[in-house]
Amino acid sequence: MDKKLFLRRGREDSIKRFHPWIFSGAVKNADSDVNEGDIVTVYSSEGEFLCKGHYESGSIAVRILSFVDEEIDEQFFKHRISEAYRMRKKYILPVFAGEEGSVYRLVHGEGDSLSGLVVDIYGDLAVLQAHSTGMGKSCSLIAKALTEVCESVKYVYNKSLSTMPKGKYAVEDGWLSEKRELPLTVSEYGNLFEINPEDGQKTGFFIDQRENRRLLQRYSEGASVLNLFSYTGAFSVYALKGGAAKVESVDSSLKAIAQANRNVEINFGDRASHRGTVADIFDYLKEAEDSYDLIVLDPPAFAKHRNAVANALQAYRRLNARAMEKINPAGGMLFTFSCSQAVDRLQFQQAVFSAAAMTGRQASILHCLNQPADHPVSIYHPEGNYLKGLAVYVK
Ligand code: SAH
């Protein structure tokens, strides 16, 4: 039997508007034997059925999975994953990477009505990340559903250790299928990348920047390019493909830079004018004297929580100002990003505006950048629009 949870009087409005989270302040009481990650059935204070979801102690008390009274079981996960797959096969895969077997996000949390779950596909490998105890406890069911639903998927790797809520139910990273040989090489718009989820950050690659990398390629002809927070050099590979005169990748992680060098090599052999540098970006920008035609600024999320927003905005202002100072005075491009969910688009744009004002440079927005269609945002959950970027002409 599912456990029951009751809301305080009048707190059901957001659920009736399909917002997928219930905050702890809205909860009146729950069955005394409710544990972390259990499925709960949620009722209004009047006893009206509202939804079902995963229970969690913490500020988000329930991550809603369904607004109808249905079993949350193997069949449920299979159905939700098929829906996500069907939408991508129909509308998304044909538009970008073409055929199946390419790189894409199959499940994007709330955007696919599976709050707390991310699944990325790399050819025959699915990498899943649970962000809630409930999803962590459901990993085996999800892995089974993935291999049943997606024809291309033969292997499933669980990469949830770093994303699960801390100090609760522990999920180790590891194989949920037979082990696959790694790294594997995938192709994104004809560019090759080695993927190693056992080793890398996120699920092994930042799929979310695919369309922005493609745009950058078109601005790269003849350019000197500085790729800051480069990770495995994905922007650098696109810049070189677009005819950049020289490209520099900078990241504080030695492993990331080694992988960036390797990704350049598998695409261009030793013909490419590329340099990988291991450095802290804040130090690097203080000392770098060159000016560049194109700079990519794609830092990690500075604000993981609402109370960190002010500091994050300060860091975005400072970084963007330092980067703008390095843009060729005759005119160049800055591709600048924020992947902090807690920082909204307007706040980010204001930070870039302050950076421009601090440096006294002229700056015009040529493109507003986003996460791609395989990272959908539920209209009821605008917080899901975490990746924001601007392509700015600076002179
Ligand atoms: N642009 C990349 C993703 C960037 S992820 C892509 O398209 O794939 C953020 C990266 O920033 C990580 O690789 C991390 O190692 C690096 N990083 C975090 N803090 C840093 C710092 N202070 N200096 C340099 N690199 C940093």
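When a ligand or atom number is given, it counts from 1 through the structure's own listing order.
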Worksheet entry | Test log, rule salt bridge (charged side-chain N to carboxylate O under 4.0 Å, His left out), inputs Asp208 and Arg105 | CA-CA 8 Å; Asp208 56 1; Arg105 176 154 292 188; over 6 Å; no

Discussion item. Could you go through Arg210 and Asp374, starting from their C-alpha distance and side-chain angles, then the distance that decides it, and tell me whether this counts as salt bridge (charged side-chain N to carboxylate O under 4.0 Å, His left out)?
Written reply: CA-CA 10 Å; Arg210 180 184 57 244; Asp374 51 341; 2.9 Å; yes

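When heavy-atom distances to ligand 1 are checked against a 4.0 Å cut-off, Phe235 comes that close only through its side chain, counted from C-beta outward.
Ligand 1 has no atom lying under 4.0 Å from any heavy atom of Thr232. Within the 4.0 Å heavy-atom cutoff, Ala256 does not count among the residues contacting ligand 1. Ligand 1 has Ala279 within reach: a non-hydrogen atom of the residue lies less than 4.0 Å from it.
Ligand 1 has a nitrogen or oxygen under 3.5 angstrom from a nitrogen or oxygen of Phe229. Ligand 1 has no N or O atom lying under 3.5 Å from any N or O atom of Ser253, backbone or side chain.
Atoms of ligand 1 lying under 4.0 Å from at least one heavy atom of Tyr231, given by number and element, are 2 (C), 3 (C), 4 (C), 8 (O), 13 (O).
In this structure, Lys78 does not pair ionically with Glu83, as no charged nitrogen and carboxylate oxygen lie closer than 4.0 Å.
Residue, atom and distance of the protein heavy atom nearest to atom 1 (N) of ligand 1 are Asp298 OD2, 2.7 Å. Nearest non-hydrogen protein atom to atom 7 (O) of ligand 1 is Arg213 NH1, 3.4 Å. Of the protein's heavy atoms, Asp251 OD2, 3.4 Å lies nearest to atom 10 (C) of ligand 1. Looking at atom 18 (C) of ligand 1, its nearest protein heavy atom turns out to be Pro300 CG, 3.5 Å. Among protein heavy atoms, atom 5 (S) of ligand 1 sits closest to Phe206 CZ, 3.4 Å.
Which of Ser252, Ala315, Ala301 comes nearest to atom 25 (N) of ligand 1 through a heavy atom is settled by distance: it is Ser252. Selection from Ile257, Val250, Ile281, Asp280 by nearest heavy atom to atom 22 (N) of ligand 1 gives Asp280.
For CG of Asp290, the number of neighbouring non-hydrogen atoms (other residues, nucleotides, ligands) closer than 6.0 Å is greater than 12. Other residues, nucleotides and ligands place no more than 12 heavy atoms under 6.0 Å from the OH atom of Tyr91.
Tyr219 has its side chain within reach of Phe335: a pair of non-hydrogen atoms, C-beta onward, lies under 4.5 Å apart. Side-chain contact between Arg180 and Trp175 is present, with heavy atoms from C-beta onward closer than 4.5 Å.
Ser115 and Arg63 share a side-chain donor-acceptor pair at under 3.5 Å.
Test Arg88, Arg80, His375 against Asp112 for side chain to side chain donor-acceptor pair (under 3.5 Å) and you get one pass: Arg88.
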